[in-house]
Amino acid sequence: MSTLGFEGAGRRHAPTAWKHGVAALFALIGLAIAGLGATILSDLPWKQVLVDVQTRHWPTTDATVLSVSLHEERPFAATGNTVGAELVLGVSYQYSVGGATYDGVAASYSDRAAVDDRRLPTLYRRLDFARLTGRAVPVSYDPHAPASAYLARDFDWRPIAPRAGLAVIALVFGLALVTRAMRSQRSLL
């Protein structure tokens, strides 16, 4: 005698709860990875990048360095504890544009850096040499507001390029996981 069973019937066509759970898990993992990428991107020095793009075609003139200093500073957190030391470059210089003399104090896009950063000590030595020898240094100034100027406009992309690349990859990969999870979720319905 033969028996007819319905134990396996319908399993191929009806979505199971674990398939929905796997899709939701992939969506959460994708959101976490995309969030990590967005966090890394938000931590990049966007203000310096913007200033670098804006100043790329500024004209230059000669400046005379009047004083230059480099010192270590220990900023305080809101709790009163020191956060960590950083280097601070101070400079004073004069330059002329269109017959008017301007005083400048900005050496670069950022005159603060970590203690182990070699950019500011190198810039300090170059500016101090110019001050001691009386040599002029080129200064880039805004043609529309000549009082805004920088002695060094060289923005170093090398330290941020790997982080930016990793952030973009994480963002794209995370969003791809979310999109795939959403598509598989719709196909299960």
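Only this structure's heavy atoms are used, side chains among them; waters, hydrogens and symmetry mates stay out.
A salt bridge does not link Arg125 to Asp128: none of the charged nitrogens lies less than 4.0 Å from a carboxylate oxygen.
Counted within 6.0 Å of CZ on Arg163, heavy atoms from surrounding residues, nucleotides or ligands total more than 12; the atom is thus considered enclosed. Around atom NE2 of His144, no more than 12 heavy atoms belonging to other residues, nucleotides or ligands sit under 6.0 Å away.
Minimum interatomic distance between Pro146 and Ala149 (heavy atoms only, all atoms of both residues): O-CB, 4.5 Å. Nearest heavy-atom pair across Ser96 and Thr101 is OG-OG1, 3.5 Å. The heavy-atom pair separating Ala27 from Val178 by the smallest distance is O-CG2, 3.5 Å. A pairwise comparison of heavy atoms in Leu41 and Ala164 identifies CD2-O, 4.4 Å as the closest pair.
Leu120 and Val88 are members of different hydrophobic clusters when ILVMFWY side chains are connected at heavy-atom separations under 4.5 Å. The cluster map of Ile, Leu, Val, Met, Phe, Trp and Tyr, joined by side-chain heavy atoms under 4.5 Å apart, puts Phe129 and Val65 in different clusters. Transitive grouping of hydrophobic side chains (ILVMFWY, heavy atoms separated by less than 4.5 Å) brings Leu70 and Leu151 into a common cluster.
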Report task. Assess whether side chain to side chain contact (heavy atoms under 4.5 Å, CB included) is satisfied between Leu89 and Leu123, documenting all intermediate values. Result -> CA-CA 9 Å; Leu89 179 67; Leu123 182 56; 3.7 Å; yes
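A donor-acceptor pair under 3.5 Å links the side-chain atoms of Ser42 to the main chain of Thr39, judged by distance alone. Of the possible polar contacts, none joining the Tyr93 side chain to the Leu127 backbone as a donor-acceptor pair under 3.5 Å is found.
The CD atom of Gln94 lies 4.5 Å from the CG atom of Asp103; values are rounded to the nearest 0.5 Å. Rounding to the nearest 0.5 Å places CG of Leu31 at 13.5 Å from CZ of Phe26. The structure places CD of Glu72 at 6.5 Å from CG of Leu87, a figure rounded to the nearest 0.5 Å. Summarising the geometry, atom OH belonging to Tyr95 is positioned 13.0 Å from atom CG belonging to Asp62; distances are rounded to the nearest 0.5 Å.
Test Leu177, Leu175, Leu171 against Phe173 for side-chain contact (heavy atoms from CB on, under 4.5 Å) and you get one pass: Leu177.
Tyr124 is linked by a ring pair (Phe, Tyr, Trp, His ring centres under 6.0 Å) to nothing, counting only residues two or more places apart in sequence or in another chain. For Ala170, the side chain to side chain contact (heavy atoms under 4.5 Å, CB included) partners two or more places apart in sequence, or in a different chain, are Ile33.
Contact check for Pro59 versus Tyr141: side-chain heavy atoms found under the 4.5 Å cut-off. Proximity of Val91 to Ser67: side-chain heavy atoms (C-beta onward) are nowhere separated by under 4.5 Å. For the pair Asp142 and Trp58, the minimum side-chain heavy-atom distance is below 4.5 Å.
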